[in-house]
Amino acid sequence: MTEESTEAAETTEARTFDIPYRFEVDATTAALHAEHDGLEDGEETGTTATVAGRLMLKRDQGKIVFGVVQDGTGRIQIFAPAKTTPDFEAFTKLSLGDWIGVTGEVIKTRRGELSIRPSAWTVLAPTRRPFPDKWHGITDPDTRYRQRYVDLWVSEESNAALRARSRIMSLTRRWLEDRDFMEVETPIFHSIASGAMARPFTTHHNALDIDLFLRIAPELYLKRLTVGGFERVFEIGRVFRNEGISTRHNPEFTMLELYWAYADYHDVMELVEQLVSHLAMEICGTTTIEYDDRELDLAAPWKRASMTDLIAEHTGLDLSVDMDRDVLADIAREQGVEVKDHYGPGKLILEIYEKTTESQLWGPVFVTDYPKEVSPLSRDHRSEPGLTERFEAIVAGRELCNAFSELIDPDEQLERFEGQEADRAAGDAEAMGMDLDYIRALEYGLPPTGGLGIGMDRLVMLLTGSTTIRDVVLFPTLRAEQVHHADDAAPEENAEGSQTA
RNA sequence: GGGCCGCUAGCUCAUCGGGUAGAGCAGGGGACUUUUAAUCCCAAGGUGCCGGGUUCGAGCCCCGGGCGGCCUACCA
C-alpha cells in the first residue's frame, strides 16, 4: 500500500469548481417550511427562493435527483429533474457533504415534500473527506469532541444544545442589562489566586519576568469596581481551575458573577430564581422541565432552608457551630468523613452536609447560612453567630450557584485571609491567597453588597437536558491529538488526519 | 489521581476454541422521471490504536504504552 493510495481512500480526489466569492441567500429552510408547508401535494408557488447549505442526502433516480440541503435552521429537499436543472450531469455527481447554493421555485412534490426545483445552483465548498454514516452519524465521543466541525452538522442534538448555549448567554445579558447591571471585563491574569478555593494554572510573563495565575474567579476585581462606584456589575467569562475533568467539570468553564450594591443575599436569591425561571421559559417554553428522567419545577419561589436544618431533616442530627470540635469530629467520622486535624467545627459541619445531605437534594433549593470558617468572603450572619449570609442553589442535585451578602469589613476580611493562609500552611492547596490590595480597597469602603456566581455551563446543561458538560462546551479540554496530514507525512507514518498516531 | 471498560474499512457495526477479516452506508462505475436512510447490479477499499512477548500461527492470550468512556475523589 503506497502513501498515495492510502490517502486516496481517506480524502476523495480533489474536484475543481469555480467557487464564488460571495453568495446571496434570501431564505432559510425553516422560513420556507413555515411559509409553505400548507401547500397541497403537487402544488407550485410561483415564488423563487435561494438557500445555501450542506448536501446531506442524495437520491439519484436517473432523470430526477432528490437532494436534501441543511442550513443553520433545518433542511429542505431539492427536487432536480433532468429537464429543468441546469448542468444536470454535474448535479448528479455532487457528494454528500458538499456545500451548495440553490435558487429555484418552491414547490411541493406529488408525495408531499416541500422542495426547491433548481433554476440555478452552485458549489460553495466541495468536501474532500468522506461523509460519516448518514443514518448513525458519529457515535464515538472522542471524534465528536475533537472534530466538532463534523459533529455540529451531523448530530442534531449537539447542534441544538450548543445553539441553546449561545441564546442562554444572550438572554442572560439582556435580562441583567434590563435591571441596570453593567457588563465589565476584568483581568484573566492574576498575580494572586484568590476569590475561590481551587488550584490555579500558572503561567509566566517574560518581559516582566513574573509568574502569573489564570484566574480562578473574578470576584475580588468585581468588588473593587463596586468600591469604585459601579453599583451593579457583572462579568461572564472563562475561569480556570487546575482540577479533575469529569462529566461536570471542564478545566476552563464559564462563570457569571454579579455584584449588586445595597442588596443582601435575600435579594440575590430572588434574582436567581427569577433569572433561571425566565431562561427556562425562553429556552424550554415552561418552568417544569425534565432532567435525567426526573421532573424539576424551576418556577419561583424556590425552597429556602439552612444547612443545619437540612442536615437535621436528612439525618436527624442537630448540629451547630457552637458544638465542641471533637464531638463534631466524632459525628463526622461516623458519617464517613475523613477528618483532618485543621478542620474546625464549621468545616466539619460542611463535610457532614456534603456527605449525608447534598446528594439527597434534588431541588431547586437554596441552602443557606454556611459556617464562617468555610466562607472567607461572606459577611457574618446578622443573627446567627458563627454563620454567614451565604447560600448555594441545588438544582437537579447539583450546585448551580454560590452567593452571599458580601463581607465589607476590611479588618474582618484580613482575619479571614489569615485563616486561609493557615489552612494553606496546613496543606490545603486550595486555600485562598492573601490579597492586601483588596483589603486596601475595602478600607475605602464597600457598601452593603450582594454577590453571586453561577456556573453557566451547568445552567446550560440543566436547560438543554445534557448530562455531560462536554455536550455544552464547543471544544472541551482533551489531551492533544497528533494529527498527520498527507503533505507532511513521513513514509513510515500513518497519513491520516483523524486517527492518533 | 484511583477503579472498571473500550479501540476492527472514511462512518456505523459484525466475525473467533488463537488458523490469516465481513456487511451496510459513504466514495468509484452502471441502471432507473416523484424519492424520503430510495432501490438494484459491478468493482474497489483493512499495518484489526502502537510496541513487545507466548505460539508453527495472534485482531483474539500475556506485558508495556497511547487515546477515549463510565464510576470515584476535588470543585462550579
Side-chain angles (χ1 to χ4, degrees), chain A residues 1 5-13 15 41-42 56-68 75 77-84 88 92-93 95-97 107-115 117 127-147 150 154 196-199 216-217 239-257 338 354 392-395 398-402 428-430 453-459 461 467-470 476 478-482 492-494 496-501:
Chain A
M1 182 61 58
S5 55
T6 300
E7 180 60 20
E10 291 155 0
T11 66
T12 59
E13 280 171 46
R15 297 166 291 157
D41 294 357
M56 298 300 285
L57 293 170
K58 194 180 69 169
R59 298 180 284 275
D60 188 339
Q61 294 282 298
K63 292 289 194 294
I64 297 179
V65 172
F66 297 90
V68 172
R75 296 179 167 193
Q77 176 167 275
I78 308 301
F79 172 78
K83 250 186 212 169
T84 60
F88 180 75
T92 66
K93 294 267 193 303
S95 286
L96 296 192
I107 62 158
K108 205 159 214 182
T109 61
R110 280 185 229 159
R111 295 295 186 85
E113 186 71 38
L114 189 70
S115 306
R117 185 171 55 205
T127 180
R128 296 175 61 174
R129 289 193 174 259
F131 196 85
D133 190 288
K134 66 187 175 190
W135 185 244
H136 300 97
I138 293 176
T139 57
D140 177 20
D142 188 29
T143 309
R144 290 186 43 227
Y145 301 139
R146 287 191 196 279
Q147 297 182 242
V150 178
V154 169
M197 313 242 222
R199 304 167 81 122
I216 56 176
V239 298
F240 309 85
R241 297 188 184 178
N242 204 341
E243 285 164 357
I245 294 179
S246 78
T247 49
R248 283 158 219 163
H249 302 271
N250 199 54
E252 51 177 310
F253 63 100
T254 300
M255 178 103 101
L256 161 65
E257 284 204 10
E338 202 184 312
E354 288 178 350
E392 290 190 359
I394 301 293
V395 185
R398 296 157 163 83
E399 295 169 27
L400 182 72
C401 69
N402 184 21
D428 185 351
E430 294 175 355
I454 296 184
M456 293 302 284
D457 311 85
R458 296 260 177 98
L459 181 58
M461 286 170 71
T467 51
T468 165
I469 194 170
R470 296 184 196 94
L478 298 170
R479 280 195 167 83
E481 173 197 27
Q482 202 176 340
E492 73 276 13
E493 279 179 322
N494 187 352
E496 164 51 42
S498 63
Q499 288 186 344
T500 52

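Numbered from 1 within each chain, the chains take letters A, B, ... in sequence-line order. Only heavy atoms go into these numbers, but all of them, side chains included; no hydrogens, no water, no symmetry mates.
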Among B:U12, B:U72, B:U33, which nucleotide has an atom closest to any side-chain atom of A:Asp140?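 Among B:U12, B:U72, B:U33, the one nearest the side chain of A:Asp140 is B:U12.
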Minimum-distance nucleotide to A:Leu57 side chain [options: B:A38, B:C71, B:C67]: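 Closest of the options to the side chain of A:Leu57: B:A38.
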Is_stacked (A:Trp135, B:A37) at 5.5 Å, 30 deg: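 Yes, A:Trp135 stacks on the base of B:A37.
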Can you see if the side chain of [X] gets near the phosphate of [N] - specifically, an N or O under 4.0 Å from OP1 or OP2?
X        : N     : answer
A:Lys134 : B:A26 : yes
A:Arg470 : B:G69 : yes
A:Arg110 : B:U33 : no
A:Thr139 : B:C13 : yes

Do any N or O atoms of the protein come closer than 3.5 Å to N or O atoms of nucleotides 21-24 of chain B, and which pairs are they?
residue, atom, partner, partner atom, Å
B:G24, N2, A:Asp133, OD2, 2.6

Without decimals, in angstroms, what is the distance between [X] [atom1] and [N] [atom2]?
X        : N     : atom1 : atom2 : value
A:Ile469 : B:C70 : CD1   : C1'   : 17 Å
A:Arg59  : B:A38 : CZ    : P     : 5 Å
A:Lys58  : B:A37 : NZ    : P     : 17 Å
A:Phe66  : B:U39 : CZ    : C1'   : 13 Å
A:Phe240 : B:C74 : CZ    : C1'   : 19 Å

With sugar-phosphate meaning primed atoms plus P, OP1 and OP2, does [X] contact a base, only sugar-phosphate, or nothing at under 4.0 Å between heavy atoms?
X        : answer
A:Gln61  : base
A:Gly62  : base
A:Ser115 : nothing
A:Ile64  : base
A:Asn250 : base
A:Ile454 : nothing
A:Asp60  : base
A:Gly137 : sugar-phosphate
A:Glu430 : sugar-phosphate

P-based separation of B:A44 from B:A23 [nearest Å]: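 These two P atoms come out 12 Å apart once rounded.
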Distance between the C1' atoms of B:U72 and B:G64, in whole angstroms?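 Pairwise C1' distance, B:U72 against B:G64, rounds to 25 Å.
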Which protein N or O atoms sit under 3.5 Å from an N or O of nucleotides 1-3 of chain B?
none

Is A:Arg199 atom CZ crowded by more than 12 heavy atoms from other residues, nucleotides or ligands, each under 6.0 Å away?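 Not buried by this count: 12 neighbours or fewer within 6.0 Å.
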Only counting residues at least two apart or in another chain, list the ones meeting side chain to side chain contact (heavy atoms under 4.5 Å, CB included) with A:Glu392.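 Partners of A:Glu392 by the side chain to side chain contact (heavy atoms under 4.5 Å, CB included) criterion, ordered by chain and then number, come out as A:Glu358, A:Tyr370, A:Arg390, A:Glu399, A:Asn402.
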